[in-house]
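Below is one structure, written out as structure tokens; the observations come after it.
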Amino acid sequence: MAQFYPEEVIQEVRAANDIVDIVSEYVKLKRVGNRFTGLCPFHKEKTPSFTVSPDKQLYYCFGCGAGGTVVQFIMAIERIDFIEAIKLLAERAKIRLPEGDYRGDEAKRFEKKQLILKINTEAARFFYRCLHSQEGENGRKYLRKRMINPKTATSFGLGYAPDSWDALIQYLKEKGYAIQDILDAGLIIENKNKNTYYDRFRNRIMFPIIDLRGNVIGFGGRVLDDSLPKYLNSPETVVFNKSRTLYGLNFAKNANKNELIIVEGYMDVISLHQNGIINTVASLGTAFTHEQAKLIKKFCQEAIIAYDSDAAGQAATLRGMDILTEEGCRVKILSLSEGKDPDEFIRAKGAEKFEKAIRESKSLIEYKINLLKAKYDINDIVQKVDFVTELANIFAKIDNAVERDAYIQKISEETKISSQAILAEIKKIISKNAGKGNKSLKNTREIVLEPVATVKNSSENNIVNTRLINAERMLINVLCYDKFVFNKVRELIRPDDFSDDLHVKIATIIYALREKDEAVDPAQIVSRFEGEEIKTATSIFQIEPNFEDNLKAAVELIETINKEKNMQKIKISLKEGNVEKLHTLLIEYKQK
């Protein structure tokens, strides 16, 4: 592919343009499980076969075979070339592209981002080792007290920042990183006289903050003594923006549920995850933002807010649910007994009772009504008027007339306020707001292109073994998504052991990324191909490897691949009439 821009620029542009947002501007999408579906814009169809995967950032049509990343979608839908697609997407994400031969400030900016990610990864390793060293005993004691088991702590990469002024500085300097780069990563602080530096995080349990591509973009730290602040986050950097980040989303996106539970703290996420409730995210201790709501909308239709029940928690809940509603999410509120937060509740009551509380979550309207009931004494005439006025403002925002009427009747029966009075106030508000205009839906359009041809397998002598091809594709997905399994089986099968040319190429990329300890991203892999290979590679990553034991499955897949490759050779020898070779192969096959 002739590229005017370097790979890191292209990957940044692609990552900044969510594929669901982009495709939604052209195709009416409907969420089905963990994917979105719609009518394919590239061929005529009556039943939707076009899918978009937010977690993989890929689209694929099971009807015509069209597929790829957001870049390929824009190229096809707008009928433009690769460079024009990158320019269009960069402009949309407000990314300034480098010009000419890629020198100067822009080049430095892209290189800086990669460097900061490497420093963060090295810092996460340092904190992890410290937690499991002698000086990390207080950290381990704290986790035991909070009932966090070692397996969960490892899954989240939890660590410990030593009670030292410069332990991390010295470690990173020994690794060859410059002070200025460590400072830019937000891991150290310059003192007032600007001659020395000290570690930002000291004597804290460390929570690496990981993005959807597996990169460590920042940290949160909790003190182990009475120091303030209790929780401390990384500052804003070139790779970390907390208003656009949700802690735990890298796990929650794989929960395959149409709802996400939003909690306040790191420990809430970790405790719920440990108890099997992995569709949980936290908003990093900041006021909930529209950017975070948009992130949630990409992965689910319903958001359940589980903030603390104190005054601050209620205020945060109200802000959060209004923002989520504006972004098109259905919102429910989870209220826990005895004023406990999710972490305390699940440790005291268990997962079963927490899941019961989820099922009993109140709708947004019910929650607001309950707050108003607690706020006003409707036996007082003045307060009753204020109650109805606020109530009418809530009901006026309900689009469904039947739903609105049901709430009016219910409130009327409970409060003895006539439904006509409530309805009259609602009409006043609606009339006042009339003419202000509503957001119009984006128009969709359909472009009909010729269906693409299916890529044929390029294995030896064109004898296609479906069982072999399927086993290789399933194994590719397991190696892509499970780092632990990759490390266990990497020596049992190498990229060249795959039978199909494209499979060899994909496996080579996965092995190269894994061996450099870099994140493995399906969209990034697909983007390295062109033409028909993009479509076939995309189809491969549509496979969902839902095994109870990935390691056992990987070993069995490797055994299948080896046996089927030998059988393939036997068939070829039989076809060629090579009796001597056939005899040798049959002996080998029986031995295996």
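Using modelled atom types, one side-chain atom of N17 and one backbone atom of L89 make a donor-acceptor pair closer than 3.5 Å. Counting only distance, with no hydrogens or angles, the side chain of T237 and the backbone of G186 share no donor-acceptor pair below 3.5 Å. Under the 3.5 Å distance criterion, the side-chain polar atoms of Q524 are left unmatched by any main-chain donor or acceptor of V520. Not a single donor-acceptor pair under 3.5 Å links the side chain of R129 to the backbone N or O of G159.
In this structure, Y481 has no ring-ring contact (aromatic ring centres under 6.0 Å, His included) partners at least two apart in sequence or on a different chain. Among residues two or more places apart in sequence or in another chain, the salt bridge (Lys or Arg N to Asp or Glu O under 4.0 Å) test is passed with K113 by E12. Scanning for side chain to side chain contact (heavy atoms under 4.5 Å, CB included) contacts around H132 gives Y128, with sequence neighbours left out. Among residues two or more places apart in sequence or in another chain, the salt bridge (Lys or Arg N to Asp or Glu O under 4.0 Å) test is passed with D55 by none. Every residue two or more places apart in sequence or in another chain was checked for a ring-ring contact (aromatic ring centres under 6.0 Å, His included) with F547, and none qualifies. Among residues two or more places apart in sequence or in another chain, the side-chain hydrogen bond (donor to acceptor under 3.5 Å, both in side chains) test is passed with K505 by E533. The salt bridge (Lys or Arg N to Asp or Glu O under 4.0 Å) search around D322 returns K368, not counting sequence neighbours. Looking at residues two or more places apart in sequence or on another chain, you find a side chain to side chain contact (heavy atoms under 4.5 Å, CB included) between I217 and L117, I209, D211, N215, V239, F240, T245. Checked against ring-ring contact (aromatic ring centres under 6.0 Å, His included), F299 has no partners two or more places apart in sequence or in another chain.
Taking the charged nitrogens against the carboxylate oxygens, K297 and D18 have no contact shorter than 4.0 Å, which rules out a salt bridge. The pair E137-R140 meets the salt-bridge criterion, since a charged nitrogen lies less than 4.0 angstrom from a carboxylate oxygen.
I116 and A185 get closest at one heavy-atom pair: CD1-N, 3.8 Å. Considering every non-hydrogen atom in both I19 and G68, the closest pair reads CD1-O, 4.2 Å. Scanning both residues, S283 and Q292, for their nearest heavy atoms gives O-NE2, 3.6 Å. What you find for P208 and M206 is that their closest heavy atoms are CD-O, 3.6 Å. In terms of heavy-atom proximity, G248 sits nearest to V281 at C-CG1, 4.1 Å. Between I95 and A16 the shortest heavy-atom distance is CD1-CB, 3.7 Å.
Other residues, nucleotides and ligands contribute more than 12 heavy atoms inside 6.0 Å of the CD atom of E236.
Aromatic ring pairs are classed by plane angle as parallel below 30°, tilted from 30° to 60° and perpendicular above 60°; the pair Y171 and F126 is tilted.
The salt bridge (charged side-chain N to carboxylate O under 4.0 Å, His left out) pairs that include a residue from residues 195-205 number zero, where partners must be two or more places apart or lie in different chains.
Distance check: T51 OG1 to L58 CG gives 9.0 Å after rounding to the nearest 0.5 Å. Considering CD1 of I540 and CD1 of I476, their distance stands at 5.0 Å, rounded to 0.5 Å. Residue I182 holds its CD1 atom at 5.0 Å from CD1 of I188, rounded to the nearest 0.5 Å. Interatomic distance, CG of D482 versus CZ of R514, reported as 7.5 Å (0.5 Å rounding). We find the CD1-CZ distance between I22 and F73 to be 8.5 Å, quoted to the nearest 0.5 Å. Remark: R146 CZ to R347 CZ distance equals 5.0 Å, nearest 0.5 Å.
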Using side-chain contact (heavy atoms from CB on, under 4.5 Å), reason through L131 and I205 one step at a time and then give a plain yes or no. CA-CA 8 Å; L131 178 64; I205 287 290; 4.3 Å; yes
Check step by step if side-chain contact (heavy atoms from CB on, under 4.5 Å) holds for S234 and F201. CA-CA 9 Å; S234 292; F201 301 102; 3.9 Å; yes
Evaluation steps, side-chain hydrogen bond (donor to acceptor under 3.5 Å, both in side chains), between N233 and Y266: CA-CA 11 Å; N233 286 333; Y266 300 109; 2.4 Å; yes
Start with the C-alpha gap between L249 and L260, add the side-chain angles, then the distance that decides, and say whether side-chain contact (heavy atoms from CB on, under 4.5 Å) holds. CA-CA 9 Å; L249 187 59; L260 280 178; 4.1 Å; yes
CA sep, side-chain torsions, deciding dist, call: E122, L187, side-chain contact (heavy atoms from CB on, under 4.5 Å): CA-CA 11 Å; E122 201 59 65; L187 292 167; over 6 Å; no
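Using a 4.5 Å cut-off on side-chain heavy atoms (C-beta onward), F207 and Y231 make contact. Looking only at side-chain heavy atoms (C-beta outward), Q114 and E518 stay at 4.5 Å or farther from each other. You'll find the side chain of F529 stays beyond 4.5 Å of the side chain of T536, heavy atoms only. In this structure the side chain of K294 never reaches within 4.5 angstrom of the side chain of R244, judged on heavy atoms. Side-chain contact check for D521 versus R14: some heavy-atom pair is nearer than 4.5 Å. Between I296 and C329 there is a side-chain heavy-atom pair separated by less than 4.5 Å. Residues F251 and I210 are not in side-chain contact: their nearest non-hydrogen atoms beyond the backbone lie 4.5 Å or more apart. Taking 4.5 Å as the limit, every side-chain heavy atom of N550 sits out of range of all side-chain heavy atoms of F484.
When each of L272, N258, I261 is tested with N279 by the rule side-chain contact (heavy atoms from CB on, under 4.5 Å), just one qualifies, namely I261.
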List the atom pairs, donor and acceptor, that lie under 3.5 Å between side-chain atoms in residues 149-158 and the rest of the protein, sequence neighbours left out.
from: N149; atom 1: OD1; to: K151; atom 2: N; distance (Å): 3.2
from: N149; atom 1: OD1; to: T152; atom 2: N; distance (Å): 2.7
from: N149; atom 1: OD1; to: T152; atom 2: OG1; distance (Å): 2.9
from: N149; atom 1: ND2; to: Q274; atom 2: OE1; distance (Å): 3.2
from: T152; atom 1: OG1; to: Q274; atom 2: OE1; distance (Å): 2.9
from: T154; atom 1: OG1; to: P150; atom 2: O; distance (Å): 3.0
from: S155; atom 1: OG; to: K151; atom 2: O; distance (Å): 3.1

Side-chain donor-acceptor pairs of residues 485-495 under 3.5 Å, sequence neighbours excluded:
from: N487; atom 1: ND2; to: K483; atom 2: O; distance (Å): 3.4
from: R494; atom 1: NH1; to: R490; atom 2: O; distance (Å): 3.3
from: R494; atom 1: NH2; to: E515; atom 2: OE2; distance (Å): 3.2

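In this structure, Y160 has its ring center at least 6.0 angstrom away from the ring center of Y142.
Under 3.5 Å, the side chains of Y307 and D341 contain no donor-acceptor pair of N or O atoms. Side-chain atoms of Q72 and Y59 form no donor-acceptor pair, as typed in the model, at a separation below 3.5 Å.
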